[in-house]
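Here the structure is a predicted model, which is why all the values come from computation and not from measurement.
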Amino acid sequence: MGGNISILYAGTFPDTVSRLIILESLGPTSTFKDDPAEMRKFFLKRREMTSEKAAYDSKEDACIVRSVGGVSPLSIQASEILAERGLGPVINEQGEEKFSWRSDTRLRLTAFLRWDEGSIIQFIEAITATTLLVFAKQSSIIKEKYFKLPNINLRLKSFKNAKIVNLEGDHHFHLEEETAESVIDTILEFLKH
């Protein structure tokens, strides 16, 4: 999500961004094959959502659930890193302290309003910053989202000055103990030049 926003920002305000580092993104997803059905699915899922979030007895319990129940696989250690900024105390109806994720659950819904592919390409082409695109080789999100795009090569070619790096790991490779160092090293090397 952050990569998508960064691409849109850097394309909109290119004079404010001199270097752009993107992990696991090539911009927003473009149009659906069946827009009416996708819109219907969005509204039905949104209607089912409540403002109540799951509350956990401990931070450890929340991290265990997140490690197995998220969008992509995540180790307990990586879940703990997310918990440092994303988990907060809540008081339940019985007055007991529990822990809940602060994020807005609506962000996990697939948006039904999309740009067309040509518009996304225009944002990418407007980027003037030297860009580092870093992808995880085992990322299920990248395989499911981007490699199904008919114009993936056009998106890649639309970055004027980009270096593309593929590293071991899955979508949260920047948080995982086994792969975070290679992500850090890649970014630091990029920033030296």
Using the rule that two of Ile, Leu, Val, Met, Phe, Trp, Tyr join whenever any of their side-chain heavy atoms come within less than 4.5 Å, decide whether [X] and [Y] are in one cluster.
{"X": "Phe123", "Y": "Leu26", "value": "yes"}
{"X": "Ile124", "Y": "Ile164", "value": "yes"}
{"X": "Leu8", "Y": "Phe159", "value": "yes"}
{"X": "Ile22", "Y": "Leu154", "value": "no"}

Taking every non-hydrogen atom, the tightest pair across [X] and [Y]:
{"X": "Ala55", "Y": "Lys98", "result": "CB-CB, 3.7 Å"}
{"X": "Gln138", "Y": "Gly169", "result": "OE1-N, 2.7 Å"}
{"X": "Ala62", "Y": "Tyr56", "result": "CB-CD1, 3.5 Å"}
{"X": "Thr128", "Y": "Pro14", "result": "OG1-O, 3.4 Å"}
{"X": "Ala136", "Y": "Glu24", "result": "N-OE2, 2.6 Å"}
{"X": "Leu133", "Y": "Ser25", "result": "CD2-O, 4.1 Å"}

message: Using the rule given for side-chain contact (heavy atoms from CB on, under 4.5 Å), can you reason through Trp101 versus Leu82, listing the C-alpha separation, both sets of side-chain angles and the distance that settles it, and then say yes or no?
response: CA-CA 10 Å; Trp101 293 99; Leu82 289 177; 4.3 Å; yes

field: Validation row: Ser18, Thr130 side chains within 4.5 angstrom (heavy atoms)
entry: no

Which value, rounded to the nearest 0.5 Å, describes the distance between [X] atom [atom1] and [Y] atom [atom2]?
{"X": "Phe135", "Y": "Leu167", "atom1": "CZ", "atom2": "CG", "result": "11.0 Å"}
{"X": "Leu20", "Y": "Leu132", "atom1": "CG", "atom2": "CG", "result": "9.0 Å"}
{"X": "Arg66", "Y": "Ser75", "atom1": "CZ", "atom2": "OG", "result": "10.0 Å"}
{"X": "Phe13", "Y": "Ile127", "atom1": "CZ", "atom2": "CD1", "result": "13.0 Å"}
{"X": "Ile91", "Y": "Ser100", "atom1": "CD1", "atom2": "OG", "result": "12.0 Å"}
{"X": "Cys63", "Y": "Ile76", "atom1": "SG", "atom2": "CD1", "result": "6.5 Å"}

Acceptor/donor pairs from residues 181-193 side chains to any protein atom, 3.5 angstrom cut, sequence neighbours excluded:
from	atom 1	to	atom 2	distance (Å)
Ser182	OG	Thr179	O	2.8
Thr186	OG1	Ser182	O	2.7
Glu189	OE2	His193	NE2	2.9

task: Mind checking salt bridge (charged side-chain N to carboxylate O under 4.0 Å, His left out) for Glu168 and listing every partner two or more places apart, or none if nothing turns up?
output: Lys137

- prompt: Under 3.5 Å, side chain of Ser158 to main-chain N/O of Leu156, donor-acceptor pair present?
  reply: no

message: Between Phe99 and Asp61, does the side-chain contact (heavy atoms from CB on, under 4.5 Å) criterion hold? Intermediate values first, please.
response: CA-CA 9 Å; Phe99 295 90; Asp61 288 348; over 6 Å; no

- prompt: Should Arg155 and Ile120 be marked as a side-chain contact (heavy atoms from CB on, under 4.5 Å) after you check the CA-CA gap, both sets of side-chain angles, and the distance that decides it?
  reply: CA-CA 8 Å; Arg155 282 198 189 192; Ile120 296 167; 3.3 Å; yes

message: Between Leu87 and Arg102, is the side-chain contact (heavy atoms from CB on, under 4.5 Å) condition met? List the steps.
response: CA-CA 6 Å; Leu87 199 63; Arg102 291 185 182 112; 5.8 Å; no

task: Decide yes or no on salt bridge (charged side-chain N to carboxylate O under 4.0 Å, His left out) for Glu80 and Lys59, but give the supporting numbers first.
output: CA-CA 8 Å; Glu80 289 170 349; Lys59 290 180 180 181; over 6 Å; no

